[in-house]
Each structure stands twice: as structure tokens, then as C-alpha cells.
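First listed ligand is number 1; within each ligand, the first listed atom is number 1. The structure displayed is predicted, hence computed values, not measured ones.
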Amino acid sequence: MSKRQRLDKILSNLGFGTRKEVKDLIKSGAIEIDGVIAKDVGLQVDPLGQNIKVNNKELVYREVIYIMMNKPQGVVSATEDKRDTTVVDLLEDSLQAFQPAPVGRLDKDTEGLLLITNDGQLAHKLLSPKKHVPKTYFAHIEGRVGELDIRAFEQGITLDDGYTTLPAQLKVLTQGEISQVEIIIYEGKFHQIKRMFQAVDKKVVYLKRIAMGRLQLDESLDIGKYRELREDELSLLQDNDGMSN
Ligand code: URA
């Protein structure tokens, strides 16, 4: 898909500033198109087929972005919020310019893997209740989690509102007054994991998502940090077979 667009529009869509700021940038001679300095703000450019340099740095043009964030506690999974900082607020301006949104929600106090994208189609596919995309979490649970819980989760848990969840896989990593567990669920009801443990008289005291479909959280990303997905990671999500483990 190669479309010619006005140079000022391309640059402002990529987060180089307002139309006015971009105009000044172009006028200053900072932009080169195929090796020639561009001074015309309305120049028609094919951003995919032509080489664009900004201050001598080649521009990596894209229309969709896919960001993996290691979500910190205390921020909400939304694009904007009156009270709280959102995951989108944490992104640098050049990424916010793409108007991405989080794919689904993690609670304010949940950490871990959150995908943020402006690819609505992929988001829809990942969130569709029919697709049963597995989501893997690591949790600390108040109370001894044991064999009975594993079996109950395998059967599906009836929540406080009467809804019975799909079977979920629960693995006990360490057992104690605080047990460490891994759990895989195939849907995304409101506070689902917390409510599943509540139904077996236990309490989630720490929750972190570590995978969505076959996409794993990059553990080298510090809490609150993010990066764009690599090609191989993106194809894990785009591939229909990549939805389930
Ligand atoms: N289940 C929860 O209870 N909270 C989350 O953030 C995700 C799954």
C-alpha cells in the first residue's frame, strides 16, 4: 500500500509536533526526501516508497504500532482518565501520536503484560470471547492453594454473580500461608482471577500477567517500561494458531 501524502501531515501524524511546528521543522531544512532537502510543506511524499530523513536520521515509517508494556501498579488500562494516570500517558509523545489503546484491561493494581496498539482488528481478534485466547498470570494467594482448588478451577468456578467460568488451569508453584501460583484463563471477565479465588475463600494479594496467547512478557522490561513488538512476536499474535498455547 503506497499512498502519497502531504509531508507536513506525515510528520505530524508521526508525532513531530503540531502542523505549525512541523512547518517550521521543514522550513529549517531538517527534512530530506531521497537525499534532497525538502522545503515545501505540502510536498507529496510516499512514506513507504521514499526515504525520509529527519535531522539526518532515517525515519521508520509505520501506520500501526504494537507496544508491549510491563504495566506498573497504580495506573489504569485506559487511554484517558480524569483522576488516574493511564498506560497511554506513560508512552512517549511520538507513540501517543498513533492513538493506540490497550488491548483489554488489567486492574489498577495488576502488573505485567499489556499490549497497546492502534490495530483495532487485531485487538478485536484477541478480545473476542469466541477465540478463547489464553491469558497466563502469576499470583500470590493468601491461603494454602491445593489439589481441591486445582480441581475446582479445572471444572470452572461459579462467581459471585452466578456465572460459571470456563475451565482454567491452576498450577501451584509454592504452597504456604501465601501460595505462589500460575493460572491460565480463557476469557476476561471483570476481576476474573480475584473473583475465582474469592469463590474458593482465598485472596489474591499480587497479580501479574505473564502471557497473552503465545506472546510472553519480556522479563527484561522493567516495571513501567515498554517497547515495540518484534516481527516474530507480532506474528505469534496474528497467526490464528498462535492464539492458543
Ligand atoms: N483478573 C483479575 O482479577 N484482575 C486482572 O487485572 C486480570 C485478571
Quiz item: For ligand 1, which atoms sit closer than 4.0 Å to a heavy atom of Q192?
Solution: 1 (N), 2 (C), 3 (O)
Quiz item: So which heavy atom on T86 is nearest to which on A78, and how close?
Solution: CB-O, 3.1 Å
Quiz item: Does T110 reach ligand 1 with a nitrogen or oxygen that is under 3.5 Å from one of the ligand's nitrogen or oxygen atoms?
Solution: yes
Self-check item: Shortest protein heavy-atom distance from atom 1 (N) of ligand 1, along with the residue and atom involved
Solution: I193 N, 3.1 Å
Quiz item: For H191 and ligand 1, does the shortest N/O to N/O distance drop below 3.5 Å?
Solution: yes
Quiz item: Is R230 salt-bridged to E233, cutoff N-O under 4.0 Å?
Solution: yes
Exercise. Answer with side chain, backbone, both or neither: which part of L207 has a heavy atom less than 4.0 angstrom from an atom of ligand 1?
Key: side chain
Quiz item: Quick one: is the NZ or CZ of K189 closer than 6.0 Å to the six-membered ring centre of Y163, and within 45° of its axis?
Solution: yes
Quiz prompt | Heavy-atom closest contact (F197 atom, V145 atom, distance) | solution = CE2-CG2, 4.4 Å
Practice problem: Give the C-alpha distance, both sets of side-chain angles, the deciding distance and a yes or no for ring-ring contact (aromatic ring centres under 6.0 Å, His included) between Y186 and H132. | Solution: CA-CA 5 Å; Y186 297 85; H132 298 167; 7.4 Å; no
Practice problem: Specify the protein heavy atom at minimum distance from atom 4 (N) of ligand 1: its residue, its atom name, and the distance to 0.1 Å. | Solution: D107 OD2, 2.7 Å
Self-check item: Distance-only donor-acceptor check, side chains Y61 and Q50, under 3.5 Å
Solution: no
Quiz item: Which protein heavy atom lies closest to atom 7 (C) of ligand 1, and at what distance to 0.1 Å?
Solution: Y137 OH, 3.5 Å
